[in-house]
Amino acid sequence: MHLLAKRRIYIACILLTLIFGVLILRLGWVQMVQVNQIMPGYHRTVREMSVLQRERGVMLDPGRGQFTDYRGEALTGTLQWGLVLFPHADPLEKLSKNRELGGSEIKQLASILHTDIHQLKQEWNKVSAPHFWTAGTLQPVLLTDYQIKYMHHLHLQGMGVYPMMIRYPQVDTGRQWLGYLAEQPDLSKTQSGHQDEVKQPFGMKSGAAGLERTLEPLLKGIGPTLVTRMVSGGGEMIPGMRPHVIAPANPHYPLRVETTVDARLQQGLEKLVQESGLKEGAIVVLDAANADVRAMVSRPFYRPQHVDPEQSSWGNRAVQAAVPGSIFKIVTAAAAMENHVVANGEKFHCGGEYGKYGLSCWKEHGHGDLSLEQGFAESCNIVFAETARRLSVEQLEHTADRLGLGRSVGWEAQQMAGMSVLRHFDHEDRGRVRTAAVPSTDEGAKIQTAIGQRDVLVTPLQAANLVVTLLHDGKVSAPRLVQRIRYADGNTMLEMPVHDTPSATGQIAPATAHKLLTWMNKVVREGTGKSLQHARWHVAGKSGTAQVQKRGERLHHQWFIGYGPTEQPKYAVAVLVQNVSPEGHHQATAIFRKVMDYLAESS
């Protein structure tokens, strides 16, 4: 029995020795090897995460990818300076005990910040984590050169001047295509990452709209840059430990998204829109060579730092569908040519009233006898009503589809960069020609459709792209907002090449496209666009006015779409002015001229 007990003790000692040996090997592995390995989901090493457990910090840069225009000019991301406050137990009371240093320098700091000691003390201790001075607002206060200069002469503990990444300028803008960021708790719960690395008030945000949202998986980066200070077990700052900066050490990030936008044109057109008095609407400028977006302005403007999701100003009206009015007559004219329903030289009579369906011409006593070409130039409803009677609704639908209407046309690709679908235009409307509830046999609905009323909806992006389609012999291009994404070191991560978005039913004939371009030229020479004859460039286009109702009030949407210069087209432009009085002048035509003149001056 004594031998059996000894045997058991011997086996237990061996087992304990083996267990301690494994633990020592594991500890050695952690201390010497694993400590420098990246922790899954956090993009930081075990060593860095262990330090962060004993530190409190503030985020200087979220590490999010930035945007540039097609020339490389920054659209987001500028470094500014802010004051970081490192709170600890009653810092101002401790400093005040030293009257020679603390009291006077606190007063100096308050004076430099244009505040009083009470507000300074209140904000310094409002949270236990370090934070930027906000002066009671929602955003960090940007320091001036004067303030930075004098703060460097102060020797207060618990404060420091640090650079911070400001994503958007503090101005209202019409760049809704860019979008905005928002804290999304539901999203953060499902994503691994660095959301909880640092306890501070300006948390990590995700793209909520625009390119910020559609490119979110690429933009979110690999981790923030932090300024931190060591804390005690009770969470108090340790005065003797100096702050230090922690940043991801990956030369490839953050990424840089090169858009197709021309920043100078975008800024100039935003100013033009404000000066013109446009309250609701959009302007789209496409490169005539490839349908790339050079500028896209939506009105009313929004401020991306302060977005109320319940309001509508953050929505991009350039990709929201609206009743097109007479610009849809381009589709009706194309359908008539493609289906040979109007003879060469045939005349239609316009007496001002059609006699049914409540239809009349904008010219009170009519235009008299007109050909289809003349009816297009004069935007005569009677001519197009008679033409529509000879077409079927299906023919109108097919022609619209071939011209890129009634469907999404913005650039997209499937299974790219780890995303099932990568889109450039967030919340892009498809538009439509008719609803399923309208029977094909309803002649009144067909005629209203042919003049761009009833159920027809077109986005300004589609309208501008329609012009590019005609300039490209009927081939429908897919407008881009992004041309490539680069790593931080300048190397290309992802190319997004130009491509087309053809219709399943084919395309219109090149001869039809050429004739429509000629007719658009005649609109300016002889028709509703005569006021454009004195523009800096020779331009061509088509006007449109649509009747709409808003809260029971009868209003108009005004359109003008076209291109210039006609000799060698550089830009295709769509202008939409929404919800204006029927008695007013055609503001869209006037703005189109201003846009074209600005493009001519900038070329």
Side-chain angles (χ1 to χ4, degrees), residues 68-73 75 177 211 257-266 268-269 282-297 318-319 330 402-405 408-413 424-425 428 459-485 492 494-503 507-518 520-521 524 535-542 560-575 592 595-603:
T68 72
D69 78 345
Y70 83 111
R71 291 191 179 96
E73 182 176 336
L75 296 175
W177 49 268
L211 286 175
V257 178
E258 293 184 1
T259 70
T260 61
V261 172
D262 185 326
R264 285 175 287 181
L265 289 184
Q266 179 74 28
L269 293 184
I283 297 174
V284 177
V285 178
L286 301 183
D287 191 319
N290 55 14
D292 278 353
V293 175
R294 293 302 180 210
M296 179 178 279
V297 180
V319 294
I330 294 174
R402 290 168 185 168
L403 290 169
L405 304 183
S408 300
V409 294
W411 195 99
E412 67 176 48
H424 287 185
F425 299 93
E428 180 191 358
T459 71
L461 177 65
Q462 291 171 337
N465 199 52
L466 168 60
V467 178
V468 177
T469 297
L470 298 179
L471 292 170
H472 287 230
D473 296 335
K475 183 176 66 175
V476 183
S477 301
R480 293 188 305 173
L481 259 177
V482 178
Q483 52 189 1
R484 69 180 57 85
I485 299 177
T492 299
L494 188 65
E495 288 279 357
M496 301 188 190
V498 173
H499 67 68
D500 301 328
T501 174
S503 167
Q507 69 175 62
I508 66 169
T512 301
H514 295 166
K515 186 173 288 188
L516 287 170
L517 291 174
T518 301
M520 291 170 73
N521 204 345
V524 175
R536 291 180 181 271
W537 276 342
H538 291 142
V539 298
K542 180 72 184 78
F560 200 97
I561 66 174
Y563 65 96
T566 55
E567 301 83 0
Q568 191 173 358
K570 293 187 66 175
Y571 297 105
V573 175
V575 175
F592 178 85
V595 170
M596 278 301 185
D597 284 349
Y598 183 80
L599 294 174
E601 293 168 5
S602 303
S603 297

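The shown structure was predicted, so the numbers you read here are calculated from the model rather than taken from an experiment.
Side-chain atoms of Trp411 never come within 3.5 Å of backbone atoms of Phe425 as a donor-acceptor pair (strictly under, hydrogens ignored). Looking at Thr260, its side chain never comes within 3.5 Å of a backbone N or O of Gln483 through a donor-acceptor pair. The main-chain N or O of Arg71 is found under 3.5 Å from a side-chain atom of Asp69 such that the two form a donor-acceptor pair. Formation of a donor-acceptor pair under 3.5 Å by the Asn521 side chain with backbone atoms of Ala540 is not found in this model. Looking at Glu258, its side chain never comes within 3.5 Å of a backbone N or O of Gly72 through a donor-acceptor pair. A donor-acceptor pair under 3.5 Å is formed between the side chain of His472 and the backbone N or O of Ala288. Using a distance-only test at 3.5 Å, with no hydrogens or angles considered, no donor-acceptor pair links the side chain of Trp177 to the main chain of Leu481. In this structure, Ser477 contributes its side chain and Ala291 its backbone to no donor-acceptor pair below 3.5 Å. With hydrogens and angles disregarded, a donor-acceptor distance shorter than 3.5 Å links the side chain of Glu428 to the backbone of Val409.
Gly562 approaches Met520 most closely through the heavy-atom pair CA-CE, 4.2 Å. Nearest heavy atom pair, residue Ala464 against residue Ala572, reads O-CB, 3.7 Å. A pairwise comparison of heavy atoms in Arg480 and Met496 identifies NH1-O, 2.6 Å as the closest pair. When all heavy atoms are compared, the tightest approach of Val293 to Met296 is CG1-CB, 3.9 Å. Between Ala574 and Pro460, the shortest heavy-atom contact is CB-O, 3.5 Å.
In this structure, the side chains of Val284 and Ile561 stay at 4.5 Å or more apart for every pair of heavy atoms. Side chains of Pro502 and Lys475 form no contact here, defined as non-hydrogen atoms less than 4.5 Å apart. Looking only at side-chain heavy atoms (C-beta outward), Phe592 and Val539 come within less than 4.5 Å of each other. Taking the side chain as every heavy atom from C-beta outward, Leu265 and Tyr571 approach each other to under 4.5 Å. Residues Arg536 and Met596 form no side-chain contact, since every pair of their non-hydrogen atoms from C-beta on lies 4.5 Å or further apart. Between Leu470 and Leu403, the closest side-chain pair of non-hydrogen atoms falls below 4.5 Å. In this structure, Thr68 and Val257 have side chains that are not in contact, with every pair of non-hydrogen atoms separated by 4.5 Å or more.
One finds the CG atom of Asn290 at 12.0 Å from the NE2 atom of His499 (value rounded to the nearest 0.5 Å). The distance from the NE2 atom of His424 to the CG atom of Asp292 is 9.5 Å, given to the nearest 0.5 Å. Here the CG atom belonging to Leu461 is positioned 11.0 Å from the CG atom belonging to Leu466, to the nearest 0.5 angstrom. The structure places CD of Glu601 at 10.0 Å from CH2 of Trp537, a figure rounded to the nearest 0.5 Å. Atom OH of Tyr598 sits about 8.5 Å away from atom CZ of Arg264, to the nearest 0.5 Å. The distance from the OG1 atom of Thr512 to the CD1 atom of Ile330 is 13.0 Å, given to the nearest 0.5 Å.
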Under the side-chain contact (heavy atoms from CB on, under 4.5 Å) criterion, do Asp262 and Val285 qualify, and how do the steps go?
CA-CA 10 Å; Asp262 185 326; Val285 178; over 6 Å; no
Assess whether salt bridge (charged side-chain N to carboxylate O under 4.0 Å, His left out) is satisfied between Asp287 and Arg294, documenting all intermediate values. CA-CA 6 Å; Asp287 191 319; Arg294 293 302 180 210; 3.1 Å; yes
Practice item. Give the C-alpha distance, both sets of side-chain angles, the deciding distance and a yes or no for side-chain contact (heavy atoms from CB on, under 4.5 Å) between Arg402 and Val476. Key: CA-CA 8 Å; Arg402 290 168 185 168; Val476 183; over 6 Å; no
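Summarising the local packing, CD of Gln568 is surrounded by 12 or fewer heavy atoms from other residues, nucleotides or ligands at distances under 6.0 Å. No more than 12 heavy atoms of other residues, nucleotides or ligands sit less than 6.0 Å from atom NE2 of His538.
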